[in-house]
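Step one of this worksheet: look at the structure below.
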Amino acid sequence: MPEITEWRDRIWRYRLIGTKCKSCGSTYYPPRNGKCFRCGGETEEVELPRRGKLLSYTIVYQAPTLYKHSSPYIVGYIELSNGTRLFAMLTDIEPGEVRVGMELEATLRRLYTYGDSGHIVYGVKFRPVVE
Amino acid sequence: MKAKNKVGIYGYGAYIPRYIIENSSIAQVWGKLSTPIKSKTFPSYDEDSLTIAYEACRIAIESSGAPKDRVGAIYVGSESKPYAVKPSGTVLIDALGLSRRTLSADFEFACKAGTEAIQAISGLVSSGMIDFGIAVGTDTSQGRPGDELEYTAAAGGAAVIISRASEGVLAEIEASTSYVSDTPDFWRRSGEKYPRHLYRFTGEPAYFHHITTSVKMFFEEYGFSPKDFTYAIFHQPNSKFPQRVARMLGFTIDQIKPGLLSPIIGNTYSGATLVGLAATLDVAKPGDRILLASFGSGAGSDTFSFLVTDLIEERRAKPPLRAFLERVVTKDYSTYVRYRGKLML
Amino acid sequence: MSSEIVLVGYGLVRVGEYWNKDVVSIGVEAAARALEMAGNPSVGGVYIGSALSSTLGIQGNVAVHVADELGLGDCVTETVSSGGASSGLAILNGIHQLMSGEADYVLVGGVEKISDSLPSDVMEAVLIDLDRRVMKYSGLTEAGLAAILTRLYIDKYGVDKEKVTALSVLDHENGVYNPYAMFRRAVSLEMAMSAPIVADPLTIFDVAPYGDGAAFVVLTTKDKAVEAGIDYVELFGYGVSRNRVPVNYRDDLLSFDATSRAASVALDMAGLDLSDIDSLQIFDSFSITGVLALEGLGVSPHGSGADDVSSGKFNKGNKPAVNLMGGLKARGNPIGATGLYQVSEAMMLIRDVGVKYVLVHMMSGFDDNVVVFVLGGGGHA
């Protein structure tokens, strides 16, 4: 029952909760337990900034089963405003509009739906900043 | 209805999807010569009424600085819940980081579920049972391919945060009136994908009768008349109905203009009057008085009066609704049916 | 190494699609050939690497099944799973059993059955194998991640994508001579560049194709091989290392640090310098991962790997020559078995072509878990 595994991850998946080292200030996403891998310091969970910029990206044409109805879709390598780097799907953007360096903001979207159970998995995606 | 302790809108936010389809694209497929509106929004493949509600709530909370730990209720009005059984509010609470010591339920009253939620939360806040509450109207409504509804059934939503006036509100809720009757103009049975309707019966005995009665009762009870209002928002299933009902009640086109979005975005159902309210608040000035009359099939209408305060300037939604309107892109019918899941896979 | 480890037999099936055979059958076929070449010794252990047999619901505990079908007596049987490093770890387990003195001979192999599963299910299994949380929630595929690395590489070093894809062209050129390769035909750079896109900017020619495969070798000590009078190839050194996972935790995605460390340990153990190595068998699951592996191994400075490949620096006849048997692109990538194809091919190069020293590099994911071997020498009884 993957629904249960994914339920356990929901808070950090919905809200960009990461890990921050209390000593050196390094931040990671997704969060992880234990000591900071950079300096060995104690870590705590923090809510990460919702804005960032696009470092690199790909347009996925051959998709895994759970995402096969979403393709082609864009996955970005994103640096949040505090320096945390992560991968996330981009949304509300056409392939021709993607530019390395563009400003993005987090939003909540459907990631995929389990075919048999119909269970919907929501999570963070990034879109061009709306203001 | 008047709250014993004055309540009002502490913050608000509205959202519409990026994608629109022109009515002419739909008409071309079905060979229709005339269409009810110009265009309508539709959700991206990864959006639903819950993700729309999330955006609206997040904007409302962040723009107003409402204290998340003091939100005691979140009621989500929608006729297009992602799940038939499983509340949307609980996902919103965890996604928005709200206190879990919270009331939460989904409301359904066709297109007026969102305004119904405002009244329920107003009561809870006024009585002191809770300090802050969020009422949401959100929909990704569906029209059967080829049906009249396909031209207007759209996606969008808005959220309002209600608190006691003493907390400092951007608009006081002065009073409200509700009027309902058993009128089967539109429905969707459990397990059915698309709603049914009784064509012209949705007009006179349903939409017009309920809104005009509700507004007139409201005027009589609280001594208001159309000239007391800077702006007015009426439920907008198309472009014609809200303009006609405004004229019937003595309102001018200028009064309804800022909140009349249906010609471009379509009928966002539970979102419709609240999205209109958000667009109106985006331009309102302190001292403006706003009338809102929703309509829900089945049928009923809620009428409200809001009095805008000085706090409007600092609490306006960021981004405003027009930022979402400015980013829309037009898609063709084939993309629309793909994103709406109308293809057999 | 305390005892000198040698390889005395290999057995392979050609990488491809085996519609009429299951994973155990192809495993038994390859294992029987390896055992026969080694003179059918009695083995004390069977270690089999398989990345996805369990995840895809093909067959769990493959080693038990292969050992039983081979008719082997009681011995240690263990199935090892670590993506593209599975084979390498199976070999390490075999080495450890030999070094402990518990066994005189061990059979190590890799098996993978890809063709029984939907391609999109294989992709999903692979990305869950890599990092469930990061990959599954972002929609990133293995090829998608390689595509992001490629774009980062191109942007950082100002290199044309053609130069990265040149590695796939080199693989195909060399694969022509490998009887066990999935594809035995040369391709032009134009063809590779204009092929259908898998994950922009990667075309199908930047992505090593998955395939069914089984490859086995028999390991023993040099003393035993000499005593038995069989041909052998020496395993001079090995090294293992891990990089940070998930990859977005890394400061530099383009630096294959684990590859560097594993190679350095292996070369130290072998008492050799990188400049002694005649041929490299690199794990180019994608054109970009091959380029980054070359830079990690140190044969090209950072940012020069693609230039060096495209200028012909690693072509046949040069030192070091890269992927003389076609690499992952032409031979195919039966994930958990790939490392044993690389090792078996190294044996062929040493025995049949007379290459002196071969360094074999294999890894799971993107430098995640790396195993490096240095092979060479050898002798006749």
Side-chain angles (χ1 to χ4, degrees), chain A residues 3 6-17 45-51 63 65-75 88-97 102-103 105-115 117-131, chain B residues 13-19 41 43-59 61-63 68 81-86 88 90-98 100 140 317-331 335 338-341 343-345:
Chain A
E3 294 91 336
E6 297 181 0
W7 163 80
R8 205 172 291 122
D9 299 335
R10 70 200 180 290
I11 301 298
W12 64 259
R13 196 180 59 232
Y14 293 162
R15 271 163 55 198
L16 278 178
I17 304 289
E45 289 201 337
V46 289
E47 197 155 343
L48 298 168
R50 296 181 54 259
R51 290 219 183 175
T65 306
L66 286 171
Y67 287 100
K68 71 179 175 194
H69 299 312
S70 309
S71 71
Y73 57 83
I74 303 160
V75 181
M89 201 182 284
L90 306 192
T91 192
D92 288 354
I93 189 164
E94 309 292 306
E97 295 172 332
M102 71 191 300
E103 295 288 322
E105 65 184 335
T107 183
L108 185 81
R109 291 296 171 95
R110 282 183 182 207
L111 299 182
Y112 44 81
T113 303
Y114 282 101
S117 74
H119 180 80
I120 304 165
V121 176
Y122 295 94
V124 162
K125 289 190 184 182
F126 281 74
R127 69 163 182 230
V129 171
V130 180
E131 54 192 1
Chain B
Y15 175 86
I16 54 161
R18 190 177 186 214
Y19 301 114
T41 59
S44 184
Y45 70 92
D46 59 359
E47 291 184 289
D48 58 25
S49 61
L50 190 156
T51 65
I52 289 171
Y54 166 85
E55 272 294 329
C57 290
R58 191 182 59 72
I59 293 166
I61 292 166
E62 288 181 3
S63 307
K68 289 187 192 181
K81 284 156 50 83
Y83 291 88
V85 179
K86 183 179 178 299
S88 295
T90 52
V91 178
L92 292 173
I93 286 164
D94 276 351
L96 293 162
L98 301 177
R100 287 178 172 173
T140 56
K318 285 176 283 293
L321 186 68
R322 69 177 165 279
F324 291 106
L325 284 166
E326 280 163 9
R327 67 163 198 158
V328 297
V329 288
T330 304
K331 293 286 185 183
T335 303
R338 182 187 163 189
Y339 282 9
R340 291 306 280 130
L343 294 167
M344 287 268 278
L345 296 169

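For the numbers below, each heavy atom of this structure counts, side chains included, while hydrogens, waters and symmetry mates do not.
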>> Quick one about A:Tyr122 and B:Asp48 (side-chain donor to acceptor, distance below 3.5 Å, no hydrogens or angles considered), yes or no?
In response: yes

> Heavy-atom distance under 4.5 Å to chain B: side chain of A:Arg127, backbone, both or neither?
Replying inline: side chain

>> Any side-chain to backbone donor/acceptor pair from A:Arg109 onto B:Tyr45? Under 3.5 Å, distance only.
In response: no

> B:Arg327 and A:Asp92: which non-hydrogen atoms are nearest, and at how many Å?
Replying inline: NH1-OD2, 2.9 Å

> Side chain, backbone, both or neither: which part of B:Ile52 has an atom under 4.5 Å from a heavy atom of chain A?
Replying inline: neither

> Picking from B:Glu62, B:Arg322, B:Lys318, which has the most non-hydrogen pairs under 4.5 angstrom with chain A?
Replying inline: B:Glu62

> Side chain, backbone, both or neither: which part of A:Tyr73 has a heavy atom under 4.5 Å from chain B?
Replying inline: side chain

> For A:Leu108, is it the side chain, the backbone, both or neither that has a heavy atom under 4.5 Å from a heavy atom of chain B?
Replying inline: both

> Just how far is it from atom CG of B:Leu50 to atom CZ of A:Arg110, taken to the nearest 0.5 Å?
Replying inline: 8.5 Å

>> Using the side-chain hydrogen bond (donor to acceptor under 3.5 Å, both in side chains) criterion, which residues pair with A:Thr65? Sequence neighbours excluded.
In response: C:Ser120, C:Asp121

> Do the side chain of A:Tyr14 and the main chain of B:Val91 share a donor and acceptor less than 3.5 angstrom apart?
Replying inline: no

>> Would you compute the distance between atom NZ of A:Lys125 and atom CG of B:Asp46 and round it to the nearest 0.5 angstrom?
In response: 3.5 Å

> If you take all heavy atoms of A:Ile120 and B:Pro82, which pair is closest and at what distance?
Replying inline: CD1-CB, 3.7 Å

> Are B:Arg18 and A:Glu97 close enough for a salt bridge, meaning some N to O gap below 4.0 Å?
Replying inline: yes

> Which answer fits B:Tyr339, side chain, backbone, both or neither, if we ask what part of it has an atom under 4.5 Å from a heavy atom of chain A?
Replying inline: neither

>> Which one wins on heavy-atom pair count under 4.5 Å against chain B: A:Glu131, A:Arg50, A:Glu94?
In response: A:Arg50

> Hey, which of B:Ala323, B:Pro17, B:Ser44 has the most heavy atom pairs under 4.5 Å with chain A?
Replying inline: B:Ala323

>> Tell me the closest heavy-atom pair linking A:His69 and B:Arg338, and the distance in Å.
In response: O-NH2, 2.8 Å

> Would the number of heavy atoms belonging to other residues, nucleotides or ligands and lying under 6.0 Å from CD of A:Glu3 be above 12?
Replying inline: yes

> Where does A:Thr113 contact chain B at under 4.5 Å (heavy atoms): side chain, backbone, both or neither?
Replying inline: neither

